[in-house]
*Asks:* 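Before I ask anything, here is the structure I am working with.
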Amino acid sequence: MKRLLLLNGPNLNMLGNRENDVYGDFSLADIEESIERLTKECGYELECFQSNHEGELIDKLQDANGQFTGVIFNPAAYTHTSVALRDTIKAIEPPVIEVHISNVHRREEFRSKSLLAPVCYGQIVGLGIKGYKLAAMALIEKE
Ligand code: DQA
């Protein structure tokens, strides 16, 4: 099985039209196309999913069992609040890499705390779109 899941949480559908000074000018479609190109070159399939709803993200992660070799996940604001997503990540088999476009440690203090990072395979912050690429490479090379 050579399949990765690219999962994005709330408000990331607004990239390009949202705090561009923090998140840059690129759109979610730009990220998805760029990761799809990269994974394809490595012989991997990519499925992309974005939701503003915690339960939908949980459903998608639960369904990842047996379907994906790994998950690239920007949980957005749920990073800092969701015990439910933490429990799901802990319960599933595929390794999850948490990605943040911005450097969450350079912003408001509440963004420094991730409830999810302790149950993730890894975490990448502050590298913009490149963070997603590095996460994809790490999951592919882990195989
Ligand atoms: C974010 C950081 C979060 O704190 C924030 O709520 C987001 C985006 C990032 O990619 O930098 O929505 O996950």
Side-chain angles (χ1 to χ4, degrees), residues 2-42 44-65 67-143:
K2 289 189 160 196
R3 297 187 74 215
L4 296 183
L5 174 63
L6 173 58
L7 199 56
N8 279 285
N11 301 308
L12 293 171
N13 55 317
M14 294 181 72
L15 283 174
N17 297 306
R18 172 196 182 210
E19 297 181 81
N20 292 28
D21 50 325
V22 177
Y23 297 117
D25 294 328
F26 48 81
S27 67
L28 181 59
D30 293 335
I31 295 176
E32 292 178 346
E33 278 162 31
S34 149
I35 304 307
E36 173 130 47
R37 221 174 303 126
L38 176 75
T39 49
K40 213 173 194 176
E41 275 167 20
C42 299
Y44 274 68
E45 258 179 60
L46 183 74
E47 185 173 323
C48 301
F49 183 76
Q50 186 276 333
S51 178
N52 294 322
H53 304 276
E54 191 175 16
E56 284 186 359
L57 296 166
I58 290 170
D59 289 344
K60 200 70 193 172
L61 283 167
Q62 287 185 2
D63 290 345
N65 258 353
Q67 296 293 318
F68 296 99
T69 29
V71 182
I72 305 156
F73 187 20
N74 185 343
Y78 288 138
T79 307
H80 319 297
T81 62
S82 181
V83 176
L85 277 167
R86 178 186 174 125
D87 289 348
T88 312
I89 293 169
K90 195 160 186 203
I92 64 171
E93 281 156 20
V96 176
I97 299 188
E98 180 184 314
V99 173
H100 297 287
I101 297 164
S102 66
N103 182 349
V104 284
H105 303 293
R106 216 162 48 191
R107 301 179 63 192
E108 301 97 324
E109 203 182 332
F110 67 84
R111 292 188 204 274
S112 293
K113 176 76 187 163
S114 169
L115 295 186
L116 311 185
V119 295
C120 284
Y121 172 57
Q123 186 197 43
I124 300 172
V125 309
L127 303 181
I129 214 168
K130 198 176 275 177
Y132 289 94
K133 291 185 188 165
L134 292 169
M137 289 317 300
L139 290 168
I140 288 167
E141 285 171 14
K142 184 175 187 293
E143 276 274 279

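As the structure lists them, so they are numbered: ligands from 1, and atoms in each ligand from 1.
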*Asks:* Will you find, in the side chains of S114 and E98, an N or O donor that is under 3.5 Å from an N or O acceptor?
*Replies:* yes
*Asks:* Taking all atoms of both residues into account, what is the closest heavy-atom pair of G9 and Q50, and its distance?
*Replies:* O-NE2, 3.0 Å
*Asks:* Counting only heavy atoms not in R106, do more than 12 fall under 6.0 Å of its CZ?
*Replies:* no
*Asks:* When the ring planes of H100 and H80 are compared, do they come out parallel, tilted or perpendicular, using 30° and 60° as the limits?
*Replies:* parallel
*Asks:* Measuring from each atom of ligand 1, which residues have a heavy atom under 4.0 Å away?
*Replies:* R18, Y23, N74, A76, A77, H80, H100, I101, S102, V104, R111
*Asks:* Check this for me: E109, atom CD, are more than 12 non-hydrogen atoms of other residues, nucleotides or ligands nearer than 6.0 Å?
*Replies:* no
*Asks:* Answer yes if the side chains of N8 and Y132 hold a donor-acceptor pair under 3.5 Å, and no otherwise.
*Replies:* yes
